[in-house]
Asker: 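Once you've had a glance at the structure underneath, I'll fire off some questions.
All figures in this text were calculated on a predicted structure; none of them were measured in a lab. Per chain, numbering begins at 1; letters A, B, ... match sequence-line order.
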Number of protein chains: 2
Amino acid sequence: MQGKAPLDSTDIRILRCLRKNARISNKDLARQVGLAPSSCLERVRRLRLARVLTGYHADVDPNVLGIGLQAMVAVRLSRHVRSDVDAFEAHLARLPEVVTLFHVAGANDYLVHVAVRDSSHLRDLALTAFTERPEVDHIETQLIFHHQRNHELPVYLDLDDDE
Amino acid sequence: MQGKAPLDSTDIRILRCLRKNARISNKDLARQVGLAPSSCLERVRRLRLARVLTGYHADVDPNVLGIGLQAMVAVRLSRHVRSDVDAFEAHLARLPEVVTLFHVAGANDYLVHVAVRDSSHLRDLALTAFTERPEVDHIETQLIFHHQRNHELPVYLDLDDDE
DNA sequence: CATGAAATGTTTCAAAA
DNA sequence: TTTTGAAACATTTCATG
């Protein structure tokens, strides 16, 4: 008896299918992974409860929402004390313009992917949300020409298929 | 009659709900946006056909898949001719380790978010997939301590609710 | 993990406002 | 465009093998 059950190849197939299309019906999912619908449904429920599956999200065309420009803002903080780090992250997490916040080790402290209306919106955001913050020492903005996500699952596991 | 129908506030509510939870049932979605199930279903179908909704993807805990390390690799190309750019992007798009590829304007040409098993995997990837490529002039790798996505929808539109 | 049965939800369609 | 209602199909839960 183990605390966290290891994944087998069927679990991985389920995760791959739901990653490709999160709105696949349970019947189709069951057929694709070679299970009965009831067994498949129970697997998916287990994977959600175990927090292996952490969420399902629709992708929306940014242009349709009025997002005309995206950028990566590299941020260097003045001091690296816990209170500054926490305050800065909490602040950014509440901005609608922030798509993803990367906390990194290197020349910069953060890489912040932002989505804005246009260049004047970006300028306002750079001032208001970054430069004028007391924790921030320096920022550098790079425009994003385009970006593409990879929706395949990288799996670096030895699977437990026989127990 | 217009080529592409503008979105109204109900469409936006649908997009927000599906972004928060792509596996919500049509009945619940209809209730949350204040439509009959049949009308709601037709809206969602329209939004998919119009490529406003571009996909639905499950999120999976990286640790469970054996991903022990993530990094952002900044890449500068030697020459910026179309053939090199296309070859490099096509190459990266086929790597399972690549999570997102950002093509940017600035000091670097690309920011590549990668997910690997461990530091030796990252070292191999840096050599094989980047440094040894003829198009690549220079790379700089930053470890990602953690990153958080924002699943709210930024909407910068004047909505068309009365026609 | 599979089967089968029962309750609930989904999907499509025609008709009407 | 949206709603309603009806019919066909799918989902979900549960008891049983």
Side-chain angles (χ1 to χ4, degrees), chain A residues 1-61 64-65 155 157-163, chain B residues 1-60 64 155 157-163:
Chain A
M1 168 175 153
Q2 307 168 234
K4 39 182 175 180
L7 303 183
D8 65 10
S9 62
T10 303
D11 290 323
I12 296 295
R13 297 237 292 281
I14 289 174
L15 296 177
R16 280 197 217 275
C17 283
L18 286 173
R19 181 127 176 111
K20 197 179 298 175
N21 174 17
R23 274 184 85 81
I24 188 175
S25 75
N26 181 63
K27 187 195 179 191
D28 288 349
L29 179 59
R31 192 177 42 73
Q32 287 197 29
V33 304
L35 285 180
S38 59
S39 314
C40 183
L41 195 66
E42 198 183 324
R43 291 250 192 176
V44 173
R45 241 186 8 155
R46 273 202 320 101
L47 291 169
R48 286 238 59 182
L49 281 173
R51 308 263 183 198
V52 174
L53 278 165
T54 55
Y56 307 106
H57 303 283
D59 282 352
V60 180
D61 179 353
V64 175
L65 301 174
V155 179
L157 293 176
D158 294 325
L159 299 177
D160 294 30
D161 274 349
D162 41 4
E163 303 188 52
Chain B
M1 167 175 154
Q2 307 167 234
K4 39 183 176 180
L7 303 183
D8 65 11
S9 63
T10 303
D11 290 322
I12 297 295
R13 298 237 293 280
I14 289 174
L15 296 178
R16 278 197 219 276
C17 284
L18 286 174
R19 182 129 176 108
K20 196 179 300 174
N21 175 16
R23 275 185 85 80
I24 189 176
S25 75
N26 182 63
K27 187 195 179 192
D28 289 348
L29 179 60
R31 191 177 43 72
Q32 288 197 29
V33 304
L35 284 182
S38 58
S39 314
C40 183
L41 194 66
E42 197 183 324
R43 289 250 193 177
V44 173
R45 245 188 0 161
R46 272 203 319 102
L47 291 168
R48 286 237 59 180
L49 281 173
R51 308 266 184 195
V52 174
L53 278 165
T54 56
Y56 308 106
H57 304 282
D59 282 353
V60 180
V64 175
V155 179
L157 292 176
D158 295 326
L159 299 177
D160 294 30
D161 273 350
D162 41 4
E163 302 190 53

Asker: Would the number of heavy atoms belonging to other residues, nucleotides or ligands and lying under 6.0 Å from CZ of A:R46 be above 12?
Answerer: yes
Asker: Among D:dT1, C:dT10, C:dT3, which is the nearest nucleotide to the side chain of B:R43?
Answerer: D:dT1
Asker: From CZ of A:R45 over to P of D:dC14, roughly how many Å is that when rounded to an integer?
Answerer: 8 Å
Asker: Starting at the 5' end of DNA chain D and moving along, which residue's nearest nucleotide shows up first, B:A36 or B:R23?
Answerer: B:A36
Asker: What is the distance from NZ of A:K27 to C1' of D:dA10, rounded to the nearest Å?
Answerer: 7 Å
Asker: Taking the side chain of A:L41 as its heavy atoms from C-beta onward, which of D:dT2, D:dT13, C:dT12 lies nearest to it?
Answerer: D:dT13
Asker: Want to settle it: does B:N26 or A:L35 sit nearer the 5' end of DNA chain C, counting the closest nucleotide to each?
Answerer: A:L35
Asker: When you get a sec, tell me which of C:dG9, D:dT11, C:dA2 is the closest nucleotide to the side chain of A:S25?
Answerer: D:dT11
Asker: Quick one: A:I24 CD1 to D:dT11 C1', roughly how many Å, whole number?
Answerer: 14 Å
Asker: Do the side chain of A:R13 and the main chain of A:D8 share a donor and acceptor less than 3.5 angstrom apart?
Answerer: no
Asker: Okay, side chain of A:R19, backbone of B:A58: is any donor-acceptor separation there less than 3.5 Å?
Answerer: yes
Asker: Does the B:N26 side chain pair with the main chain of B:P37, one donor and one acceptor, at a distance under 3.5 Å?
Answerer: yes
Asker: Between C1' on C:dA14 and CD on B:E42, what's the gap in Å once rounded to a whole number?
Answerer: 13 Å
Asker: Mind calculating the distance between CG (B:L29) and C1' (C:dT10) to the nearest angstrom?
Answerer: 13 Å
Asker: Out of D:dT2, D:dT12, C:dA2, which has the shortest distance to the side chain of A:S38?
Answerer: C:dA2
Asker: Between C:dT3, D:dT2, C:dT11, which nucleotide gets closest to the side-chain atoms of B:S39?
Answerer: D:dT2
